[in-house]
Amino acid sequence: MGNRKTPAGFNRGITRRDFLNGAAVGAGSALLGAPAPGFGQPQVQAPRPSLDPDWYGFGGVGDYRLSHGNTPDVVAAAHRLRDGEFPTSLRQFSEVEEYDLVIVGGGMAGLGAALEFAKTRKPGQTCLLLDNHPIFGGEAKENEFNVNGTRLIGPQGANGFFVPAAVVDNPERAAGDARYYAELDVPRDFRLQDWPADAEPLRFCADNYGYLVRGLQANTSVGHYFDTDDSKGGQWAVDMWQQRLANAPLPAATRAMLLRWYQAGASRKFESDAEARRWLDTMSYKDFVENELQLGPDAAAQGDLFLASACGLGSDAVSAYAASQLPMPGLADVPPAGLKRYSFPGGNSGFVRYFLKRLIPEAIAGRPDFDDIITGRINFGALDRAGQPLRIRLSSTVLSVAHEGDPDSAGSVSLVYTRDGRLQGVRAKAVVMATGGWMNRYVVRDLPVEYRQAYEQFQHAPFLVANVALTNWQFLYKLGITAAIWNKGEGDFGYTCNIRNPMQVGSYQPPLDPDQPTVLSFYTPFYYPGLPVAAQCRMGRAELLSTPYPVYEKKILTQMVKLFGAAGFDPGRDVAGIILNRWGHAYSVPFPGFYGGATGNAPRDVIRKNYGRIAFGHSELDGLQHWGPAADEGRRAFNQLRDAI
Ligand SMILES: Cc1cc2nc3c(=O)[nH]c(=O)nc-3n(C[C@H](O)[C@H](O)[C@H](O)COP(=O)(O)OP(=O)(O)OC[C@H]3O[C@@H](n4cnc5c(N)ncnc54)[C@H](O)[C@@H]3O)c2cc1C
C-alpha cells in the first residue's frame, strides 16, 4: 500500500504467510470485571486493562491517522480518573487561563454549544473547547487509506443520514438535523458512482447501516451466511428477505414465524407520543415481541443485530419505546425502499467539518463549499490561536470541574486538564459538559447527589468499527453481494460487513470496480442476550479493550477467509490494511425506563437541568444518539448558561 506508515504493532505487511503462521497473541490483559466505583466509597477497584504496546495498531494516513477510536492515552487517563488519582485544585498552578465559557468535549454536542456561543457572544467574550482526542469530532471521525495511490476515506463511527425532508426557511425556529442542514448550507443532492450496465447487477448501500434496515435492505445486495454441517462449511442466501426466506436454510415453521415478525406493521395506534412512551417504555422490545405480538424468542433475537447496531445492545436490553422510534416490526410500518440514506466519505465527520468551517474558517483548507469542506486538509495551527474568540484545544483530558464555592452563588468554575503529560488550570464563568455520563460523574467534583444517582442509571455499551482496505473486491462480486450478515458462532468475529457506493466529492473520486480498491467496514456491537444490561456492557468493554490489535487482525482475516475464501478471497493479496476504531462507551443504551417508564421520571430529565454554572449536553440524553439532536443538546446546555457569562 503506497504511503502506508508502519507504526508500532504494524511493522509487517499482511501476507498470507504471516496470516497463516501468525503467532497466537493471547489477550493476556486484565479485564474490567467490576462496575466502576464512585469517588469516596470503599470499594474493590475494577482492574485496569493493561494496553499492550501493539494494542492500538495501524492508523492509516492523513489528518486522522493518530486518532482512530479511543486512543491508548484516552483509555489510560479515563481509568486513572475513575480511580481518583488526579489533583483538583487550581492552587498548584502559577498561571491559570481565564475564559467566559469552557466546553468539554469536541463531538457534535460540543460543536452545537460552540456554534450557539459564536452566534450570540457579546463583544470580547471568549470560549475554550477542550477535547481529549488528537482530533475533534468525537464518534464522528474518519479513517483514510492510500491503497496503491488511491485515496480512500471511511467513517470511524457515526456514518449515515437521511436528508431532512423539509427545507427550513428559518433555521432558528427548527431543531435537529433540519436546523443545521439549513443553517450550515449542506447540499441535498449527492453524486455516487455509477455501476456499469454491462456488469453483473449489484445494489450498494450508500452507508454502513441501511442494509440492516427493514425495507431499505432492498437497495443492497445482501448475503446472509449460514453455517452448515456438510462439507461445504456454509451457505449463502442472497436477498433473503426479498425472497421471503425461500432460499434460507431454515425449518418451514421458523421461516413462517420470522416472516410474520418482519412484515408486522404498527400494531397499535397511540393518541400521543406521551401515551406511547408511558406504555412502551415499561418493557423491552423482546417483551413486546413475545407478549404483544405473541411471537417466539427467535423473532425477538432476529431484532438484536439491528438494535445493537443502532443503540448498543439487543432486544432484551432496549426499551420498546426506543424500538418504536426505529422502524422495528410491530411498532412501525415497513419504511418505503425509496427512502435514501447517504454517507459522506468519512461518515458524519462531514457534519463535524461543516460546523468547524463555520466556527474557524481557516481550520479546513480551501473555500467554504462542499468539496473543500469534506476533503480539505485540517490546519491544526488555526484551532487554538491566542486572541480568537473560540479556541479548540485537542489532546486535552479534563480531569476536574468544580464551582469555586457554593454552586448557587459561585462566580466561577475551575477546571484542571492534562495535556502532553502536564497538568494545566483554567477558570471559566460557565462550563458546558458535552461529554457522557460515564465521564461526567467522575470529572464534575461537586456534582449534586441527585445528578450522580441519575447518571448511575445510564448504561454505556461499547462498539468496534474495523475498516479493512481492500486492493480489490472480486470475491464479493463473484458472490453477487455488497454486504454480508452472519450469525456469530463460537470463534467468529463480528456480525456484518459491507462496502459502500462511495460518495464522489470534488477531486475525491473513489472507484466502484471489483478490480479496484475499496473499504470493507465491519460495524461490530457486543451483546450477550439474557444477561443484565450492565453486565452486557461490562463484558463487551472488557473484550474490546483487552484484545490486542494483532489478535483482532487475525480474527478479522480468519472470518473473511471463512466467509469469502471459497469465492477466492486471499488475505495476502486482497487486504492492504486494517484500522480498528474502538469506542469504549459508544452508545448510551435506552433501556426500559430510560424515558421515564410509567412514572415519567426519567434520569435524563435530571441531567438536562443545569446546576450553578455547569450544564450538561450530550447525545446520550436523546436516547437514540443522532447528530442533529446531539448538537441540539449542546445548544440547549449553552443557552441555560448564557446569562451566566
Ligand atoms: C458506531 C457508531 C455509529 C453511529 N452511527 C450514527 C449515524 O449513522 N448517524 C448518527 O447521527 N449518529 C450515529 N452515531 C451516534 C453518534 O455518536 C452521535 O450522532 C454524535 O456524533 C455523538 O456526539 P456527542 O458530542 O454527543 O458525543 P461524542 O461524539 O462522544 O463526543 C464527546 C467528545 O468528548 C470527549 N471527552 C470525553 N471526556 C472528556 C474529557 N474528560 N476531557 C475532554 N474531552 C472529553 C470525547 O472523547 C469525545 O471526543 C453512531 C455512533 C457510533 C458509536
Side-chain angles (χ1 to χ4, degrees), residues 67 69-71 73-75 77-78 81-82 86 102-114 128-141 155-162 176-177 180 207-210 212-213 308-312 341-344 347-352 355 392-401 415-419 431-444 460-466 521-525 581-588 616-622 624-634 637:
S67 187
N70 296 143
T71 64
D73 283 352
V74 163
V75 176
L81 188 59
R82 181 200 65 190
F86 292 110
V102 169
I103 299 169
V104 183
M108 289 305 312
L111 293 169
L128 175 68
L129 186 153
L130 295 166
D131 191 276
N132 53 1
H133 285 85
I135 194 161
F136 45 81
E139 289 175 349
K141 296 194 182 81
Q156 291 194 15
N159 76 102
F161 62 96
F162 295 108
D177 300 8
Y180 303 106
D207 74 337
N208 297 115
Y209 191 55
L212 294 175
V213 181
S309 301
C311 39
R341 261 178 91 77
Y342 290 102
S343 178
F344 295 125
N348 283 9
S349 83
F351 291 120
V352 165
F355 273 81
I392 297 181
R393 194 164 295 163
L394 301 171
S395 300
S396 301
T397 301
V398 175
L399 307 169
S400 159
V401 177
L415 297 99
V416 177
Y417 70 96
T418 172
R419 187 163 196 253
V431 174
V432 169
M433 295 300 298
T435 52
W438 75 90
M439 184 56 80
N440 294 342
R441 61 194 174 122
Y442 299 115
V443 169
V444 183
H460 297 94
F463 207 92
L464 171 63
V465 176
S521 296
F522 290 72
Y523 268 63
T524 309
N581 304 287
R582 308 179 200 230
W583 302 109
H585 299 83
Y587 287 114
S588 158
F616 305 90
H618 187 260
S619 53
E620 68 183 6
L621 300 175
D622 200 58
L624 293 176
Q625 285 164 270
H626 189 71
W627 73 273
D632 280 347
E633 293 288 348

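For the numbers below, each heavy atom of this structure counts, side chains included, while hydrogens, waters and symmetry mates do not. Note that the numbering runs from 1 along the sequence shown for the chain. Start at 1 and go down the list; that is how both ligands and their atoms are numbered.
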What is the closest protein heavy atom to [atom], and at what distance does it sit?
{"atom": "atom 27 (O) of ligand 1", "value": "His618 NE2, 2.9 Å"}
{"atom": "atom 8 (O) of ligand 1", "value": "Gly160 N, 2.9 Å"}
{"atom": "atom 20 (C) of ligand 1", "value": "Met108 CG, 4.0 Å"}
{"atom": "atom 47 (O) of ligand 1", "value": "Asn132 OD1, 2.6 Å"}
{"atom": "atom 32 (C) of ligand 1", "value": "Ala434 O, 3.6 Å"}
{"atom": "atom 34 (O) of ligand 1", "value": "Gly105 CA, 3.2 Å"}
{"atom": "atom 42 (N) of ligand 1", "value": "Val398 N, 2.9 Å"}
{"atom": "atom 26 (O) of ligand 1", "value": "Ser619 OG, 2.7 Å"}

What atoms of ligand 1 come closer than 4.0 angstrom to any heavy atom of [X]?
{"X": "Ala109", "value": "24 (P), 25 (O), 26 (O)"}
{"X": "Phe463", "value": "1 (C)"}
{"X": "Ser396", "value": "42 (N), 43 (C)"}
{"X": "Arg341", "value": "8 (O)"}
{"X": "Gly106", "value": "33 (C), 34 (O)"}
{"X": "Asn159", "value": "5 (N), 6 (C), 7 (C), 8 (O)"}

Ligand 1 to [X] polar contact by distance, N or O atoms, under 3.5 Å:
{"X": "Glu139", "value": "yes"}
{"X": "Val465", "value": "no"}
{"X": "Asp131", "value": "yes"}
{"X": "Thr397", "value": "no"}
{"X": "Ala586", "value": "no"}

Proximity of [X] to ligand 1 by residue part, where a heavy atom lies under 4.0 Å:
{"X": "His133", "value": "side chain"}
{"X": "Met433", "value": "neither"}
{"X": "Met439", "value": "side chain"}
{"X": "Leu111", "value": "neither"}
{"X": "Asn348", "value": "side chain"}

Closest heavy-atom pair and its distance - Gly176, Tyr180: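 In terms of heavy atoms, the two residues are closest at O-CD1, 3.1 Å.
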Heavy-atom closest contact (Ala434 atom, His618 atom, distance): O-CD2, 3.6 Å
Side chain to side chain contact (heavy atoms under 4.5 Å, CB included) assessment of Asp622 paired with Asp632: CA-CA 10 Å; Asp622 200 58; Asp632 280 347; over 6 Å; no
Partners passing salt bridge (Lys or Arg N to Asp or Glu O under 4.0 Å) against Arg393 (at least two apart in sequence or in another chain):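 Only Glu97, Asp384 meet the salt bridge (Lys or Arg N to Asp or Glu O under 4.0 Å) criterion with Arg393.
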Proximity winner for atom 52 (C) of ligand 1, if only heavy atoms of Tyr523, Trp583, Tyr587 are counted: Tyr587
Option nearest atom 14 (N) of ligand 1 (shortest heavy-atom distance, choices Gly634, Ala630, Ala158): Ala158
Stepwise ring-ring contact (aromatic ring centres under 6.0 Å, His included) test for Tyr587 and Phe463: CA-CA 8 Å; Tyr587 287 114; Phe463 207 92; 5.6 Å; yes
Quick check against the 3.5 Å criterion: does [X] have a side-chain atom that pairs as donor or acceptor with the backbone of [Y]?
{"X": "Arg419", "Y": "Leu394", "result": "yes"}
{"X": "Asn440", "Y": "Thr435", "result": "yes"}
{"X": "Gln156", "Y": "Val465", "result": "no"}

I want to check something: taking the side chain as every heavy atom from C-beta on, are [X] and [Y] in contact at a cut-off of under 4.5 Å?
{"X": "Ser309", "Y": "Tyr523", "value": "no"}
{"X": "Pro629", "Y": "Asp177", "value": "yes"}
{"X": "Lys141", "Y": "Ser67", "value": "yes"}
{"X": "Met433", "Y": "Val401", "value": "yes"}

Pairwise distance CG(Leu624) to OG(Ser619) - rounded to 0.5 angstrom: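 Here the rounded value is 10.5 Å.
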Side chain to side chain contact (heavy atoms under 4.5 Å, CB included) assessment of Ser588 paired with Gln625: CA-CA 8 Å; Ser588 158; Gln625 285 164 270; 3.8 Å; yes
Compile the donor-acceptor pairs under 3.5 Å between side chains in residues 129-137 and protein atoms, sequence neighbours left out, one pair per line.
residue, atom, partner, partner atom, Å
Asp131, OD1, His133, N, 2.8
Asp131, OD2, Gly106, N, 2.6
His133, NE2, Asn70, ND2, 3.4

